[in-house]
Asks: 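Structure below; questions to follow.
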There are 2 protein chains.
Amino acid sequence: MKLEQATIKDIARELNLSASTVSRALKNYPGINSETKRKVKAMAEKLNYRPNAIALSLRHSRSFTIGVIIPEVVHFFFSTVISGIEEEAFSRGYNVILTQTNEKLIREKSSINTMLSNQIDGVLISYSKETTDFEHFSNLIDKGFPIVFFDRVPEIPKAITVTVDDFGGAFEATKHLVEQGYRNIVHLAGPPNLKISRERSEGYQAALRESGITPDPAMIVPCPLGTNAEAQQVVSKLLHTLKKKPDAFFAHNDMSAVGAMMACKEAGLQVPSEVGIVGFSNWQFCSMVDPTLSSVYQPGFEMGVKSTQLLLDWIEKKFDPEKSEISSVLVTELITRQSSVR
Amino acid sequence: MKLEQATIKDIARELNLSASTVSRALKNYPGINSETKRKVKAMAEKLNYRPNAIALSLRHSRSFTIGVIIPEVVHFFFSTVISGIEEEAFSRGYNVILTQTNEKLIREKSSINTMLSNQIDGVLISYSKETTDFEHFSNLIDKGFPIVFFDRVPEIPKAITVTVDDFGGAFEATKHLVEQGYRNIVHLAGPPNLKISRERSEGYQAALRESGITPDPAMIVPCPLGTNAEAQQVVSKLLHTLKKKPDAFFAHNDMSAVGAMMACKEAGLQVPSEVGIVGFSNWQFCSMVDPTLSSVYQPGFEMGVKSTQLLLDWIEKKFDPEKSEISSVLVTELITRQSSVR
DNA sequence: TTGTAAGCGTTATCAC
DNA sequence: GTGATAACGCTTACAA
């Protein structure tokens with residue numbers, strides 16, 4: 001059962017007018033009899049007329065719809081970004097069509113194709129962990145199609161990107177641990193093919209160096225899944241195997257940090273007195289665990305808003321990506337809680 | 001800069017054919033010269049032809065797009081549901097357009113209008129906390145427009161709904177607390193205008209009665225915001241004011257449960273030996289807090305999948321809501337962890 | 001001030 | 001086997 005939508009033609013027929021007059025009346029064109037205008041609007045109201053956005057899209061070759069492609073919806077940080085995207089798009093009269101890739105490259109590609117078929121005006125992308133080749137993006141960029149990358153951004157020419165200052169955040173977190181007197185700081189690192197992981201790792205190392213500590217490769221431990229179970233297991237093992245006994249953990253995400261915390265508790269180590277822990281992202285649960293978890297806040301909502309602003313400005317030709325290369329970097333903020341302060 | 005999309009006309013021009021022939025060739029219609037077909041497909045490939053979904057929508061009055069309206073994206077449960085919706089829709093060739101209402105009725109209404117303008121084929125809705133009048137829904141239902149409600153469902157005639165067994169989940173949780181020997185069980189209740197809140201409250205009361213305990217209105221405490229801060233404050237106060245000292249909390253959501261846990265710790269009460277706590281939803285952090293939090297698991301992903309199945313079956317006329325009234329109730333599962341087992 | 005006609009991309013219908 | 005035409009709903013030169 002379809003919804004019987006009244007069209008301009010219906011209004012025209014009822015009032016013995018032409019479709020063009022109705023169209024003009026509805027849009028307050030100059031040079032329309034005000035009585036006609038009144039009648040048209042009244043009839044539109046009566047018939048519950050609603051413009052057909054599909055017809056408008058076809059006419060204007062503009063859909064007022066943007067696409068969003070993310071790895072996962074069920075992810076606190078990404079959901080925050082989506083929220084920002086949705087707010088900004090809504091307030092500027094755009095629709096958002098959303099797909100998740102589940103970290104699969106093939107879904108990423110097919111999503112882009114579907115969206116292009118649907119004539120989206122532009123797209124926001126955070127790519128999957130499987131993506132190592134960026135040709136499907138550069139093709140679009142080369143054709144001048146509006147595309148903005150956020151958080152997970154490719155290192156390709158002319159890409160417009162929005163990220164947080166991962167390096168700076170990691171630097172600050174590590175520095176903080178040093179200041180609290182921790183010396184043997186382990187880094188639980190993310191998947192190395194993501195730039196964000198590398199930035200965080202480098203920020204950590206830079207902070208150590210600046211503090212006169214030489215980074216030890218053995219202290220950089222991969223936790224590519226980023227789950228608390230993984231980190232717990234990894235850290236439990238570490239506590240036995242490492243020569244230099246670690247007295248702090250800087251994790252690339254909050255779940256790993258919690259995993260580390262659980263492993264320490266299990267091993268009978270006091271947090272923060274014996275071991276300091278700092279996470280990254282400042283997820284909701286940071287203030288709910290015991291001890292509460294210090295973490296680097298990433299402005300997800302702002303990232304969504306900023307990315308969308310850039311994209312829509314581009315679409316609406318308010319800025320020209322050819323002339324103004326933009327990579328926007330949002331500042332992070334270290335939130336210190338119990339887990340790292342002694 | 002628009003993407004120069006090749007159209008059927010372009011292919012036709014290149015090959016000196018008519019648009020209709022090209023269209024037929026591309027769709028493998030019978031009665032087309034196989035050589036022509038080959039040439040057309042080759043040219044389509046060469047020009048990187050992609051069918052214009054907008055034109056198809058206009059032609060067929062079908063957009064292959066469904067709308068999703070939820071209160072908040074940044075909400076673990078809802079994001080899980082979205083994930084299920086997205087998966088099912090994607091696998092059946094539909095797009096998902098998403099809006100969040102931020103719990104505002106006015107946004108709910110305007111979102112529906114925008115989506116209708118965009119000729120969505122159907123819509124999935126979980127309504128806002130502000131929504132108390134359901135006329136904007138019944139209007140659509142009366143016109144036979146495909147609409148499926150999930151989680152927060154209105155009690156109006158002919159509404160197709162998908163919920164979890166909130167009553168049953170609450171019943172089981174409360175029963176479990178009783179079995180663990182807790183007697184003065186407080187319920188931290190959700191906003192009463194949501195049916196889910198009432199169901200959970202009633203499940204709690206029914207379980208008490210079945211255990212020979214008369215529910216005490218003073219032991220049902222509103223926590224309408226559902227934040228841990230709110231619950232912590234409420235519970236701290238409770239511990240002093242209630243005549244019958246509470247020895248357990250069944251919260252309508254997990255954040256309230258954590259708030260209660262924090263308040264108890266603060267008051268020097270041991271969990272679970274002195275106070276038992278059970279939450280609702282089984283959010284990620286349940287296994288991360290200390291002690292780990294027992295909670296009622298709600299199948300969010302399945303809810304998304306089920307709702308979408310119903311909606312798409314309706315759209316594709318695989319079931320007739322006039323004949324088969326469907327309210328689908330998914331089972332919950334109590335996950336017992338440390339906070340309630342002694 | 002209003003009407004006519006063409007066109008956005010596609011396909012169903014009817015010709016040839 | 002293939003082509004011409006009309007139609008989906010709307011806007012916009014151009015004409016009246």
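Each chain gets a letter, A, B and so on, in the order the sequences are listed, and its residues count up from 1.
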Asks: Would you call A:Arg107 and B:Glu87 a salt bridge, using N to O less than 4.0 angstrom?
Replies: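 Salt bridge between A:Arg107 and B:Glu87, a charged N being under 4.0 Å from a carboxylate O: yes.
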Asks: Where the side chain of A:Ser18 is defined as all heavy atoms beyond and including C-beta, which of C:dA12, D:dT12, C:dT4 is the nearest nucleotide?
Replies: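 Within the option list, the nearest is C:dT4.
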Asks: Which nucleotide in the set C:dG9, C:dT11, D:dT2 lies at the smallest distance from any side-chain heavy atom of B:Leu56?
Replies: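 Looking only at heavy atoms from C-beta outward on B:Leu56, the closest nucleotide is C:dT11.
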Asks: Whole angstrom is fine here: how far is it from CD in A:Gln119 over to P in C:dC8?
Replies: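 Checked: the CD to P distance equals 14 Å.
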Asks: Rounded to the nearest Å, what distance is computed from the OH atom of residue A:Tyr49 to the P atom of nucleotide D:dT11?
Replies: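 Taking OH of A:Tyr49 and P of D:dT11, I get 6 Å after rounding.
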Asks: OP1 or OP2 of C:dC8 versus the side-chain N and O atoms of B:Lys9: is any pair under 4.0 Å?
Replies: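 For C:dC8, OP1 or OP2 has a side-chain N or O of B:Lys9 closer than 4.0 Å.
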Asks: Hey, does B:Ile54 reach any base, or is it just sugar-phosphate, or nothing, if we go heavy atoms under 4.0 Å?
Replies: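 Here B:Ile54 touches no strand at all.
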Asks: Side chain of B:Ser23, heavy atoms from C-beta onward: which of C:dT11, D:dT11, D:dT2 has the nearest atom to it?
Replies: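 Between C:dT11, D:dT11, D:dT2, the one nearest the side chain of B:Ser23 would be C:dT11.
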Asks: Taking the side chain of B:Arg24 as its heavy atoms from C-beta onward, which of C:dT13, C:dC8, C:dT10 lies nearest to it?
Replies: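 Among the listed nucleotides, the one closest to the side chain of B:Arg24 is C:dT13.
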Asks: Which of the following nucleotides, D:dC10, D:dT12, C:dA12, is nearest to the side chain of A:Tyr29?
Replies: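 The answer is D:dT12, which lies nearest to the side chain.
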Asks: Can you tell which of C:dG3, D:dT2, D:dG9 lies closest to the side chain of B:Leu58?
Replies: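 Among C:dG3, D:dT2, D:dG9, the one nearest the side chain of B:Leu58 is D:dG9.
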Asks: Students often get this wrong, so: under 4.0 angstrom with heavy atoms, is A:Thr36 touching a base, only sugar-phosphate, or nothing?
Replies: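 Sugar-phosphate: the residue A:Thr36, judged by heavy atoms under 4.0 Å, touches backbone atoms but no base.
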Asks: On DNA chain D, nearest-nucleotide positions of B:Thr21 versus B:Ala55: which is more 5'?
Replies: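 Taking each residue's closest nucleotide, the earlier one in sequence belongs to B:Thr21.
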Asks: Report the distance from atom CG of B:Asn16 to atom P of D:dG3, rounded to the nearest whole Å.
Replies: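 Atom-to-atom, B:Asn16 to D:dG3, this comes out as 9 Å.
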Asks: Does A:Tyr49 reach the side chain of A:Ile8, with side-chain heavy atoms less than 4.5 Å apart?
Replies: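 Side chain of A:Tyr49 against side chain of A:Ile8, heavy atoms only: contact under 4.5 Å found.
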Asks: Report yes or no: is there a donor-acceptor pair, N or O only, under 3.5 Å between the side chain of A:Ser20 and the base of C:dT4?
Replies: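 Result: at least one qualifying N/O pair found.
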